[in-house]
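Because the structure is a prediction, the values reported are computed rather than measured. Just follow the structure's listing: the first ligand is 1, and inside any ligand the first atom is 1.
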Amino acid sequence: MCLYCEASFKQGSPNNVAEGLNASVPAPIVPAPPLATQGLPWHAAVDDAVAAIGEARREHGDTFATCHGRDRYLFTFTAAGVEAFYALPEDVASKGVADYLMLRRKLPDELFDGRRTLPGTLFRRGDVAVYLATLESALDATLAELGASGEVDVFDLTRRLGHRLGLASWAGAAAASGAAFERLVAAFDVLDGSDAFVHPDAMAAVAASGKAAETAALEEVVAVVGPLPPDDGLFGRVRAAWADEPDEDARRRGIGLDVALLHVASMSNLHAALGWALVDLAAHPDAVDRVRSGDADFTGRCALESTRLAQRSIMARTVLAPVSFSDGVSTYDVPPGWTIATLLPLLNTSAAPGLQDWDPDRWDRNRLRPVDGLASPQLVTAFGHGRHTCPAQPFSLAAMSTAMTRLVAAYDLEPRWTTYPAPVAAQIGGVARAAGPVPIGYAAR
Ligand code: HEM
């Protein structure tokens, strides 16, 4: 999943809406859908979050509910249900509020309050070209760090590259080098909102600590970003948004928190998707040759295909006003406070035969080619459907393609994993993170 659409900030913070919803237990859905006893990983100890929802689906069919405390989820997996899901209007069933309810398990509320530059505004005309130019410098630094040969963990490599690219893009070149970069990397590795869905089982401990480590990391980001020099890229836009704040401390703090939110949003998926793209590429020598030959269209399709296969996203909309929701079999009256959801890993690779294979040619640019037996094209996705489709898709695919091309042009890669890497089992959102080390050897060509 991804986060922070503007609609959820209209009232200053999605917290305002969420608090209202949390005040009472939601009324029941009419007619009552089947109720699954399987828990979600925030509520109960779950070894494999996706497998648990898959088991509930096998027991109860394609539409069912789960309840825990005040939390109420209506899951749907039918073609009509998934299409109706993507068509839900934000003011009736909100993605922003659903994301916020998940992320606040990890992130301090202050990060969301009063933001002036939101992740949904990062991709205006001309922005992507600037970020991609930044990516070339980030890749220069990455190749210099790698040297002529060695072994590296694929996901450590792509995470550090993602930090470098993001921080240079949102906070200027000075944020992506030297001591400032290292301090920001350390802080953002603690202030990582994706922990809320990658390690949901760790959120009880985060709550018990009062988010102490996360709050300290946020203060560190503010301290490092404050003195950074002005920049005429996005950092200039962030600073301009705060130019009318007369109090210098409040201005610096606002700028630091805006950068923090932008970077946390960018950490959700991109580095992990690039990691899987490199894993899949390294396992397909013919594809490496095509990428090396400069076939940009093919490289983009490789990136998209790896992202599809690695999707662990829960797609969720929190109901704000009563809504009638049809899954093609039944029509449910869903009251406010419920979250309507579907889960990509239970659809992307199994909604029709053959979808479990890595095949970049199943894409025609960014569109899935017709698949025999697929009841709806919306049952498969990498970047979403409908109005919440990821605004960063063109940037992300271009960035992944550029990084893949530069790395295989510079190095011969030798996979050193014995079996295909497994995702973190408890993860229930975003692109998969690897459960263990994924070493790869590299040697300059
Ligand atoms: C490979 C990388 C990425 C993948 C696979 C991805 C995936 C997605 C998906 C599936 C959605 C729709 C979720 C839903 O409908 O519930 C989404 C939305 C979104 N993404 Fe991404 N994303 C990626 C990179 C990024 C980056 C780098 C950013 C920002 C820095 C970003 C910002 C957003 C925002 C703001 C939304 C919400 C749009 C809205 O609600 O209108 N994404 N993303």
*asked:* Students often mix this up, so state it plainly: with edges at 30° and 60°, are the rings of F181 and H163 parallel, tilted or perpendicular?
replied: perpendicular
*If a pair satisfies salt bridge (Lys or Arg N to Asp or Glu O under 4.0 Å) and one of its residues is in residues 231-242, list it, with sequence neighbours excluded.*
D127-R237
_Worked check of side chain to side chain contact (heavy atoms under 4.5 Å, CB included) between D62 and F75_ = CA-CA 8 Å; D62 277 339; F75 278 96; over 6 Å; no
*Decide whether an N or O pair under 3.5 Å exists between H388 and ligand 1.*
yes
*Report yes or no: does a heavy atom of R387 sit under 4.0 Å from some atom of ligand 1?*
yes
*Should D357 and R362 count as side-chain neighbours, where that means a heavy-atom distance under 4.5 Å?*
yes
_H385-ligand 1 polar pair, N/O distance under 3.5 Å_ = no
*Any idea which atoms of ligand 1 are less than 4.0 Å away from a heavy-atom of S266?*
30 (C)
*Using a strict cut-off of 4.0 Å, indicate which atoms of ligand 1 neighbour a heavy atom of G384.*
10 (C)
*Can E90 and R317 be counted as an ion pair, charged N to O under 4.0 angstrom?*
no
_I need the atoms of ligand 1 closer than 4.0 Å to a non-hydrogen atom of A382, numbered in the order shown._
5 (C), 7 (C), 10 (C)
*Under the ring-ring contact (aromatic ring centres under 6.0 Å, His included) rule, what pairs show up with a residue in residues 323-360, not counting sequence neighbours?*
H284-W358
_Which option wins on minimum heavy-atom distance to atom 14 (C) of ligand 1: Q393, M315, M400?_
M315
*For ligand 1, which atoms have a heavy atom of R317 less than 4.0 angstrom away?*
14 (C), 15 (O), 16 (O)
*Parallel, tilted or perpendicular: ring planes of H60 versus F64, cut at 30 and 60 degrees*: tilted
*Any idea which atoms of ligand 1 are less than 4.0 Å away from a heavy-atom of L122?*
30 (C)
_If the cut-off is 4.0 Å to any non-hydrogen atom of F123, which atoms of ligand 1 fall inside it?_
29 (C), 30 (C)
*A273 heavy atoms, cut-off 4.0 Å: which ligand 1 atoms fall inside?*
1 (C)
_Please confirm whether S313 approaches ligand 1 to less than 4.0 Å, judged on its heavy atoms._
no
*Which ligand 1 atoms, with their elements, are less than 4.0 angstrom from a heavy-atom of T307?*
5 (C)
_Pair W242, D258: side-chain N/O donor-acceptor within cut-off below 3.5 Å_ = yes
